[in-house]
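Worksheet for the structure shown next.
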Amino acid sequence: MNTGTIKKNQKIKITGAGGYLGNLISEEFVKAGYKVSGINRNLLYGDSDLLKNELKGADAIINLAGAPILQRWTNKNKGTIYTSRITTTQKLVKAIHLLLPHQRPKKVISASAIGIYKTGEYHDENSNRFDSGFVGKVVLDWENALEELPENIQKNVFRIGLVLGKKAKTIQYLLLPFKLGLGATIGNGKQAFPFIHEKDVAKAFLWAAEKYQTTATFNLTAPKEITNKEFTKAFAKSLNRPAFLFIPGLIFRLLYGDAAKLITESPAVSSKKLLESGFHFKYPDIDSALKQITS
Ligand SMILES: NC(=O)c1ccc[n+]([C@@H]2O[C@H](COP(=O)([O-])OP(=O)(O)OC[C@H]3O[C@@H](n4cnc5c(N)ncnc54)[C@H](OP(=O)(O)O)[C@@H]3O)[C@@H](O)[C@H]2O)c1
């Protein structure tokens, strides 16, 4: 395996660089001294030779591209959600194969999602109890597309939980109702709430580039697990507001159709493997994460 750390001043190329996590991760790598640039979206759908030329000389590639998954799952939207992850990743892998071995990146670090797992159950990375619906298929095919990478390229996949941060959409949607004392538990609130602070997402990608040296898949969620009800309580407390309400899952179903399950159901996820591999979380629990977000 072509392991080794990525050294400062080396080149990092990112798909989906213009998005929420793309910006955060780019910033983290730039601060750490790397040369970072985004891969234009059109290249991910176009001629493989052009993409190959774009990738030449990159020491690591970070793969984040994907159309938003929380939207009504019409056939058209489902197609976009699927191809924006699977087709683009296949294209990336094909272009890497076209490079001469010495021109290839040492590492590919890719986003994935905990939506790969069956909801209502507890999973570590050895679990193969996958979601049998649309999300499960998208995420599994997304990860499988990376399997075709040349053997000697280190491949790290992060199954990311619900990202919380000052700029996270979740927090932006929730801030006003919670500030007005209208914070609410969803359904019975017993469903898992596998969150991760945005800073820890960025740190984990940098850690995989700088410190970790083998191919591996990790769950990327905060180690202190909580339920939706516990999140509601903690968020209201961090804003010094009450949160007595609950929102029936039906409301989200009316808004988002089948995609509502992204909000109302969730797998419970262990991040023990990441901890045991030497990653240190800056925000391991919900109180520390929310303190940073609401301060
Ligand atoms: N945020 C979370 O809570 C979370 C949790 C689990 C997994 N993830 C995954 O992590 C990745 C990044 O998430 P994010 O929150 O940064 O998402 P985001 O803000 O929606 O950004 C995704 C980026 O993907 C690219 N993109 C959008 N539509 C595309 C299309 N049709 N074809 C190709 N590329 C397209 C765009 O980048 P360009 O404008 O640069 O092309 C976009 O900015 C996504 O794949 C997401 O599924 C996120």
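Ligands are counted one by one from 1 in listed order, and the atoms in each one are counted from 1 as well. These numbers come from the heavy atoms of this one structure, side chains and all, not from hydrogens, waters or symmetry mates.
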Take D287 and K291, measure what salt bridge (Lys or Arg N to Asp or Glu O under 4.0 Å) needs, and give me the verdict at the end.
CA-CA 6 Å; D287 288 333; K291 191 168 171 212; over 6 Å; no
Does Q103 reach the main-chain N or O of L100 with its side chain, forming a donor-acceptor pair under 3.5 Å?
yes
Between R241 and K179 (side chain of the first, backbone of the second, donor and acceptor by atom type, cut-off under 3.5 Å), is there such a pair?
yes
Quick one: which of K106, K11, K107, K13 gives a side-chain hydrogen bond (donor to acceptor under 3.5 Å, both in side chains) with D59?
K106
So F231 and F235, would you call those rings parallel, tilted or perpendicular, with 30° and 60° as cut-offs?
parallel
Stepwise, does the side chain to side chain contact (heavy atoms under 4.5 Å, CB included) test hold for V163 with Y20?
CA-CA 10 Å; V163 184; Y20 165 53; 3.5 Å; yes
Sorted by chain and residue number, the residues with a non-hydrogen atom under 4.0 Å of ligand 1 are G16, A17, G18, G19, Y20, L21, R41, Y45, L64, A65, G66, A67, T80, S84, R85, A111, S112, A113, W142, I160, G161, V163
